[in-house]
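Okay, so here's the structure we're looking at.
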Amino acid sequence: MNETSGHYFRSPSDQERRRTITVTLAGRSVEVLTANGIFSPEGVDKGTAALLSAVPAPPEQGEFLDIGCGWGPLALTLGMMSPNAQVTAVEVNERAAQLCRDNAEALGVPNIAVSSPEDVDPLRSYDLIWSNPPIRIGKKALHELLELWLPRLNDHGEAWLVVQKNLGADSLMPWIQTMLNDQAHILESRFTVERADTIKGFRILRVIRHPRA
């Protein structure tokens with residue numbers, strides 16, 4: 001298993017080799033743990049960095065979600081910036097999930113709960129979603145992932161996603177709009193999907209859930 005593919009597997013088979021790196025999150029220089037067999041063990045990847053540079057500050061409180069948290073850059077940022085919020089971080093790679101838990105504990109961020117997707121209450125909904133979704137899992141799996149989580153936005157809730165331009169960002173945006181439109185009558189809401197920014201080859205997409213008038 002190599003560094004580029006291993007982060008999509010639930011249980012990396014190679015022996016874990018942890019290391020400490022220094023990164024900047026929520027305006028702070030912090031030390032975090034990473035390891036082999038996960039996504040971006042060298043630091044904050046370019047897509048996540050682009051997303052963090054584009055998103056507005058999160059609300060002071062609410063229910064937040066990080067889809068595919070990895071070792072935790074987005075979840076930790078949300079938790080540090082909004083200590084009164086509850087942050088759910090979902091991750092299928094068990095090694096990455098444990099690193100996120102350990103990083104949250106070491107940084108004194110107790111409002112982060114790291115779970116596998118199947119362990120999250122299916123009735124739970126969210127005021128804010130941040131995600132650098134795993135595009136390389138393939139279109140079908142990616143669509144299933146977004147179909148699972150994006151409809152869980154609360155009224156007036158927002159999802160911010162980052163997708164590399166040359167990996168299908170422009171085709172993903174209309175698909176998200178169509179998928180959410182198809183569910184709008186069931187959810188009794190309407191959704192808008194917009195391109196919020198383009199940063200160094202990455203599209204920043206914003207999804208907003210509006211209450212039906």
Side-chain angles (χ1 to χ4, degrees), residues 3-8 12 16-59 62-83 85-117 120 126 128-137 145-146 149 158-164 167 169 196-197 199-206:
E3 300 289 357
T4 58
S5 65
H7 55 282
Y8 296 132
E16 183 181 60
R17 299 182 300 277
R18 288 191 169 195
R19 56 178 162 167
T20 300
I21 63 172
T22 301
V23 296
T24 300
L25 299 175
R28 294 169 47 188
S29 178
V30 296
E31 290 188 344
V32 296
L33 291 168
T34 70
N36 55 308
I38 68 167
F39 177 63
S40 192
E42 304 290 340
V44 179
D45 68 284
K46 293 179 180 179
T48 297
L51 181 62
L52 287 170
S53 72
V55 291
E63 291 282 345
F64 302 164
L65 173 67
D66 175 8
I67 307 169
C69 67
W71 56 259
L74 293 178
L76 292 168
T77 299
L78 287 168
M80 288 190 288
M81 294 185 72
S82 302
Q86 179 57 49
V87 181
T88 300
V90 293
E91 176 57 62
V92 299
N93 181 314
E94 295 172 359
R95 181 177 296 171
Q98 189 57 53
L99 285 164
C100 187
R101 292 187 192 98
D102 292 346
N103 286 329
E105 182 178 1
L107 293 175
V109 191
N111 56 327
I112 298 175
V114 185
S115 302
S116 59
V120 177
Y126 303 94
L128 180 65
I129 297 173
W130 284 1
S131 181
N132 180 359
I135 297 297
R136 296 182 189 277
I137 60 176
L145 181 76
L146 297 178
W149 297 109
E158 296 186 1
W160 291 78
L161 313 175
V162 60
V163 182
Q164 195 166 341
L167 291 179
D197 208 342
I199 301 173
K200 296 180 179 178
F202 292 92
R203 299 288 200 214
I204 309 298
L205 307 183
R206 181 189 186 203

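With sequence neighbours left out, the side-chain contact (heavy atoms from CB on, under 4.5 Å) criterion links A96 to I38, E91, N93. Listed by chain and number, the residues in a side chain to side chain donor-acceptor pair (under 3.5 Å) with R101 are Q98 (sequence neighbours excluded). Legend: residues meeting salt bridge (Lys or Arg N to Asp or Glu O under 4.0 Å) with R206, ordered by chain and number and at least two apart, are E158, E194. E16 meets the side chain to side chain donor-acceptor pair (under 3.5 Å) test with R18; sequence neighbours excluded. Applying the side-chain contact (heavy atoms from CB on, under 4.5 Å) rule to A26 yields the partners T77, M80, M81; only residues at least two apart in sequence or on another chain are considered. Residues that satisfy the side-chain contact (heavy atoms from CB on, under 4.5 Å) test with A113, not counting sequence neighbours, are Q86. For T48, the side chain to side chain donor-acceptor pair (under 3.5 Å) criterion is met by D45, N132, not counting sequence neighbours.
Applying the salt bridge (Lys or Arg N to Asp or Glu O under 4.0 Å) test to residues at least two apart or on different chains, the pairs with a partner in residues 31-44 are R19-E42. Residue pairs satisfying the side chain to side chain donor-acceptor pair (under 3.5 Å) criterion with at least one member in residues 20-30, sequence neighbours excluded, are absent.
Annotation for G43 and I21: closest pair CA-CD1, 3.6 Å, computed over non-hydrogen atoms. The shortest non-hydrogen separation linking C100 to V114 is SG-CG2, 3.8 Å. Across all non-hydrogen atoms, the minimal contact from W160 to A54 is CZ3-O, 4.3 Å. Residues G37 and R95 approach most closely at CA-NH1, 4.0 Å, considering heavy atoms.
With rounding to the nearest 0.5 angstrom, the CZ atom of F202 is 8.0 Å from the CG atom of L167. With rounding to the nearest 0.5 Å, the separation of CG in N103 from OG1 in T34 is 8.5 Å. Rounding to the nearest 0.5 Å gives a distance of 8.0 Å between OG of S131 and CG of L51.
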Identify every side-chain donor-acceptor pair in residues 63-72 under 3.5 Å, counting partners at least two apart or on other chains, and give the distances.
residue	atom	partner	partner atom	Å
E63	OE1	R124	NE	3.2
E63	OE1	R124	NH2	3.0
E63	OE2	R124	NH2	3.4
D66	OD2	A75	N	3.2
W71	NE1	S40	O	3.0

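Within the 4.5 Å cutoff, no side-chain heavy atoms of P73 are placed close to those of V23. With a 4.5 Å cut-off on side-chain heavy atoms, L25 and V44 count as touching. Put simply, the side chain of P59 reaches to within 4.5 Å of the side chain of L128, judged on heavy atoms. Within the 4.5 Å cutoff, no side-chain heavy atoms of F39 are placed close to those of P134. Between L76 and L78, every side-chain heavy-atom pair lies at or beyond the 4.5 Å cut-off.
With hydrogens and angles disregarded, a donor-acceptor distance shorter than 3.5 Å links the side chain of N36 to the backbone of R17. Looking at N111, its side chain never comes within 3.5 Å of a backbone N or O of V87 through a donor-acceptor pair.
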